[in-house]
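Notes to accompany the following structure.
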Amino acid sequence: MLILAEYIWLDGGSPTQKPRSKTRVLDVADPKALTLDSFPEWSYDGSSTNQAEGGDSDLILRPVNFVKDPLRGENDVLVMCEVFDAEGRPHSTNLRSVLREVMDAGGDAEQPWIGFEQEYTLFQNGRPLGFPEGGYPAPQGPFYCGVGAQNAYGRDIVEAHTRACIDAGLMIYGINAEVMPGQWEFQIGYRGLEAESADPLNVSDHLWIGRWLLMRIAENYGVMPSFDPKPMRGDWNGAGNHTNFSTRAMREAGGIAEIDKAVERLAASHDLHIANYGEGLADRLTGLHETCSIHEFKNGIADRGASIRVPRPVAAKGYGYFEDRRPGANCDPYLVSALLLSTVCGIANERLGSTDRIRTAA
Ligand code: ADP
Ligand code: MN
Ligand code: MN
Ligand code: MN
């Protein structure tokens with residue numbers, strides 16, 4: 001029977017990559033028995049995505065993950081792809097391939113779990129929902145986790161997106177309204193379900209698909225989600241992508257010692273991480289609005305002004321995970337995961353230097 005497969009990949013947007021997608025009609029024998037092999041490689045015009053010159057423009061899409069398409073028919077799917085050049089090498093914009101290498105070089109053996117808190121801001125007519133034309137809403141205070149038409153803006157979109165994530169089978173953990181009007185968060189990652197893998201590759205794929213779904217659903221409302229880390233200047237919160245991370249050793253009794261060791265290593269690599277945690281980070285990491293200054297590295301228990309926060313229950317139990325509060329809303333989860341894994345687990349990663357997409361410490 002014929003199904004629709006939406007192939008999703010990341011373009012060559014600079015400095016921030018964006019998702020692109022196109023649809024393939026596939027004839028499958030049994031739509032209930034799809035595997036990655038059900039999806040052929042495909043090509044596209046890299047000269048239209050800032051990834052190739054017009055004279056030699058064909059790039060290859062290789063399917064690497066798939067979920068149900070919650071917006072189309074029952075048998076349709078969303079297919080996450082990596083980009084390769086004609087010689088079969090990962091394209092320089094393919095940072096998922098870097099994360100794969102870090103996993104192969106010892107990351108996987110640490111059994112890492114990850115969870116992202118993706119914040120975003122809904123825009124219409126050039127301003128966030130809830131901002132009146134030519135003026136400002138009431139000061140921040142009532143909007144975080146707020147309810148009521150005077151506090152919550154865009155909830156229909158947020159609800160439709162959450163339902164879509166569930167229907168797709170994404171590892172969505174929860175949602176909340178954020179501090180600035182029109183700003184929201186969804187979390188994707190570890191949520192304690194036996195059947196699913198919270199490894200960084202799978203979770204990062206799910207986050208990119210979750211972003212794609214948000215952008216796609218908001219189309220129906222004429223609204224544009226922004227992942228700008230500081231969409232509004234002044235006394236308005238920025239938008240981050242707090243990244244929660246653990247290895248097996250951190251999750252076992254006495255794991256707090258492993259977390260402390262990780263924090264030490266992260267302190268020593270602060271500049272490298274900052275350089276790769278999303279464009280425009282300095283505007284958000286000011287030391288105000290629940291952030292730590294970009295020039296400082298601080299860790300703390302339950303401290304929302306720290307770079308790394310150890311949640312109170314983790315400190316009390318003596319094992320668990322930590323939260324890296326630095327990544328911006330526009331960060332690439334593949335790159336954040338690759339850096340966290342390589343730094344925390346002490347994995348040398350040759351490929352970090354082989355693509356100009358990864359910046360050296362400033
Ligand atoms: P916050 O209190 O910082 O707002 P949230 O409730 O928004 O935190 O999100 C919690 C995040 O922590 C989720 O993304 C979840 O997947 C992640 N998480 C929970 N436990 C672990 C763990 N053991 N390892 C890694 N991530 C975890
Ligand atoms: Mn959160
Ligand atoms: Mn938040
Ligand atoms: Mn958080």
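First listed ligand is number 1; within each ligand, the first listed atom is number 1.
Annotation: Arg309 places an N or O atom under 3.5 Å from an N or O atom of ligand 1; distance criterion only. At least one N or O atom of Gln187, backbone or side chain, sits closer than 3.5 Å to an N or O atom of ligand 1. Residue His242 has no nitrogen or oxygen atom sitting less than 3.5 Å from a nitrogen or oxygen atom of ligand 1, judged on distance alone. At least one N/O-N/O distance between Ser246 and ligand 1 falls below 3.5 Å.
The closest approach between a heavy atom of Arg325 and any atom of ligand 1 is not below 4.0 Å. Under the 4.0 angstrom criterion for non-hydrogen atoms, Met171 is not in contact with ligand 1. In this structure, Arg191 does not count as a contact residue of ligand 1, since none of its heavy atoms falls inside 4.0 Å of the ligand. Heavy atoms of Met250 stay at 4.0 angstrom or farther from ligand 1.
Glu323 has a carboxylate O that lies under 4.0 Å from a charged side-chain N of Arg309, or vice versa, which qualifies the two as a salt bridge. Using a 4.0 Å cut-off between charged nitrogen and carboxylate oxygen, Glu264 and Lys261 do not count as a salt-bridge pair. In this structure, Arg359 pairs ionically with Glu279, as a charged nitrogen and a carboxylate oxygen lie closer than 4.0 Å. Arg248 and Glu258 are not joined by a salt bridge, as no carboxylate oxygen comes within less than 4.0 angstrom of a charged side-chain nitrogen.
If you number the atoms of ligand 1 from 1 as listed, the ones under 4.0 Å from a heavy atom of Gly189 come out as 16 (O). Near Glu185, the atoms of ligand 1 lying under 4.0 angstrom from a non-hydrogen atom of the residue are 7 (O). Those atoms of ligand 1 with a heavy atom of Glu323 less than 4.0 angstrom away are 3 (O). Of all atoms in ligand 1, listed by their number and element, those nearer than 4.0 Å to a heavy atom of Gly115 are 14 (O), 16 (O), 26 (N).
Note: Tyr7 and Trp42 have perpendicular aromatic rings, judged against thresholds of 30 and 60 degrees for the angle between ring planes. Relative ring orientation between Trp9 and Tyr44 is described as tilted, the plane-to-plane angle lying within the 30° to 60° band. Between Phe322 and Phe245, the two ring planes are tilted [angle within 30° to 60°].
Taking the Mn ion (ligand 4) as reference, Glu323 places its N/O/S atom OE2 nearest.
Nearest heavy-atom pair, Met180 versus Pro128, reported as atom, atom and distance to 0.1 Å: CE-CG, 4.0 Å.
Among Gln187, Glu185, Arg211, His242, the one residue that satisfies the side chain to side chain donor-acceptor pair (under 3.5 Å) test with Gln118 is Arg211. With Ser337 as the partner, the side chain to side chain contact (heavy atoms under 4.5 Å, CB included) test is satisfied by one option alone out of Cys331, Ser204, Ser342: Ser204.
What sits closest to atom 17 (C) of ligand 1 on the protein, heavy atoms only, is Asn244 CB, 3.7 Å. The shortest contact between atom 6 (O) of ligand 1 and any protein heavy atom is with Tyr173 CE2, 3.7 Å. Protein heavy atom in closest approach to atom 2 (O) of ligand 1: Arg304 NH2, 3.5 Å. Shortest contact from atom 16 (O) of ligand 1 to any protein heavy atom: Tyr190 O, 2.6 Å. Scanning the protein heavy atoms around atom 1 (P) of ligand 1, the nearest turns out to be Glu117 OE1, 3.5 Å.
Within 6.0 Å of atom OH in Tyr319, 12 or fewer heavy atoms from other residues, nucleotides or ligands are found, so the atom counts as exposed in its surroundings.
Within the protein, the N, O or S atoms lying under 2.8 Å from the Mn ion (ligand 3) are Glu119 OE2, Glu178 OE2, Glu185 OE1.
Checked by atom type and distance alone, the side chain of His91 never pairs as donor or acceptor with a backbone atom of Glu82 at under 3.5 Å. With hydrogens and angles disregarded, a donor-acceptor distance shorter than 3.5 Å links the side chain of Asn151 to the backbone of Val147. Using a distance-only test at 3.5 Å, with no hydrogens or angles considered, a donor-acceptor pair links the side chain of Arg191 to the main chain of Ile172. Under a 3.5 Å cut-off, the side chain of Arg265 and the backbone N or O of Val344 do form a donor-acceptor pair.
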